[in-house]
Amino acid sequence: MTGYTRDGKCADIPGDMGSHHICIDLSSTKGGNFCTVTGQPDWCSENSTCDGNPEEECPIEHWCVCQWAFARYIQKAGGCNNIQTIECEAINVEAIKAYEMYQEEDIEIKNALNCINERCIK
């Protein structure tokens, strides 16, 4: 289950230094591996404790990623249409607020905000 507190939402928690506010489905194959594209160690392909059964390990699926790394991910993947599935219901509004605040200063952030609006705002 996603979320800093594993409650299915990307919560804004003191001590979460990475602002893990954007949820993506790491099991989706479109867009390439988030970890590889952003230059991180490949924790995306690892197993983690299964939801509802702490005795087993399962592939990581829905995961809250750093909002700043997400903006880089879109850029490095070649745009919003080339990324893994966004889990819109789990996104924390703090990411949207931050993107709105900095969108004029950074094209990656502006593109991330536009991507969320395109995919999540109906």
Side-chain angles (χ1 to χ4, degrees):
M1 178 171 292
T2 194
Y4 195 77
T5 59
R6 303 298 183 260
D7 63 357
K9 302 289 182 196
C10 298
D12 187 40
I13 303 291
D16 176 14
M17 301 303 286
S19 300
H20 294 87
H21 295 152
I22 306 292
C23 185
I24 60 175
D25 181 355
L26 295 174
S27 69
S28 62
T29 57
K30 185 177 181 182
N33 179 299
F34 173 83
C35 290
T36 303
V37 173
T38 58
Q40 299 182 36
D42 192 15
W43 54 265
C44 298
S45 298
E46 293 178 0
N47 289 339
S48 185
T49 304
C50 296
D51 292 338
N53 188 352
E55 304 297 319
E56 293 185 33
E57 290 202 345
C58 299
I60 297 173
E61 291 182 359
H62 301 160
W63 202 256
C64 295
V65 299
C66 170
Q67 66 196 34
W68 312 115
F70 176 75
R72 284 190 307 277
Y73 173 52
I74 294 169
Q75 181 71 25
K76 290 183 174 195
C80 186
N81 291 328
N82 297 321
I83 64 168
Q84 291 174 291
T85 303
I86 302 170
E87 296 299 322
C88 299
E89 305 80 34
I91 293 174
N92 189 292
V93 69
E94 292 303 319
I96 307 302
K97 290 178 183 177
Y99 286 166
E100 288 173 343
M101 187 181 319
Y102 295 110
Q103 67 177 322
E104 297 305 320
E105 299 172 25
D106 189 322
I107 191 66
E108 286 183 3
I109 292 171
K110 185 173 188 168
N111 290 341
L113 179 61
N114 288 340
C115 182
I116 289 171
N117 285 333
E118 288 172 20
R119 293 234 189 144
C120 299
I121 309 299
K122 309 286 187 232

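Index from 1, following the sequence.
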I would like to know whether Cys23 and Cys10 meet disulfide bond (SG atoms under 2.5 Å apart); could you show each step before the answer? CA-CA 7 Å; Cys23 185; Cys10 298; 4.7 Å; no

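Scored by the side-chain contact (heavy atoms from CB on, under 4.5 Å) test, Gln40 finds Phe34, Cys35, Thr38, Trp43, Ala69 as partners (sequence neighbours excluded). Checked against side-chain contact (heavy atoms from CB on, under 4.5 Å), Ser45 has the following partners two or more places apart in sequence or in another chain: Asn33, Asp42. Scanning for side-chain contact (heavy atoms from CB on, under 4.5 Å) contacts around Asp12 gives His21, Asn92, Glu94, with sequence neighbours left out. In this view, Cys115 and Cys80 satisfy the disulfide bond (SG atoms under 2.5 Å apart) rule, not counting sequence neighbours. Checked against side-chain contact (heavy atoms from CB on, under 4.5 Å), Glu56 has the following partners two or more places apart in sequence or in another chain: Cys50, Asn53.
There is a path of hydrophobic side-chain contacts, each under 4.5 Å, that joins Ile116 to Met101.
Under the 3.5 Å distance criterion, the side-chain polar atoms of Lys9 are matched with a main-chain donor or acceptor of Glu89. Looking only at distances, no side-chain donor or acceptor of Gln67 sits under 3.5 Å from a matching main-chain atom of Ile22. A donor-acceptor pair under 3.5 Å is absent between the side-chain atoms of Glu87 and the main chain of Asp25, judged by distance alone. With hydrogens and angles disregarded, a donor-acceptor distance shorter than 3.5 Å links the side chain of Ser28 to the backbone of Thr85.
A disulfide bridge connects Cys88 to Cys120: their SG atoms sit within less than 2.5 Å of one another.
Within the structure, ring-ring contact (aromatic ring centres under 6.0 Å, His included) pairs that include any residue of residues 78-98 do not occur (at least two apart or interchain).
Between Asn47 and Cys58 the shortest side-chain heavy-atom distance does not fall below 4.5 Å. Between Val65 and Gln84 the shortest side-chain heavy-atom distance does not fall below 4.5 Å. Put simply, the side chain of Trp68 reaches to within 4.5 Å of the side chain of Tyr99, judged on heavy atoms.
In this structure, Ile83 and Arg119 approach most closely via the heavy-atom pair CG1-NH2, 3.3 Å. Taking each heavy atom of Gly32 and Tyr73 in turn, the nearest pair found is O-OH, 3.2 Å. Nearest approach of Thr49 to Pro54, heavy atoms of both residues: CG2-CA, 3.3 Å.
In this structure, CD in Glu118 is found 7.0 Å from CG in Asn81, a value given to the nearest 0.5 Å. Once rounded to the nearest 0.5 Å, the distance linking CD1 of Ile109 with CZ of Arg72 reads 10.0 Å. Between the CD atom of Glu100 and the CG atom of Asn117 there is a distance of 7.5 Å, given to the nearest 0.5 Å. The distance from atom CD1 of Ile107 to atom CD1 of Ile74, rounded to the nearest 0.5 Å, is 11.5 Å. In this structure, the separation between CG on Leu113 and CD1 on Ile121 is 9.0 Å, given to the nearest 0.5 Å.
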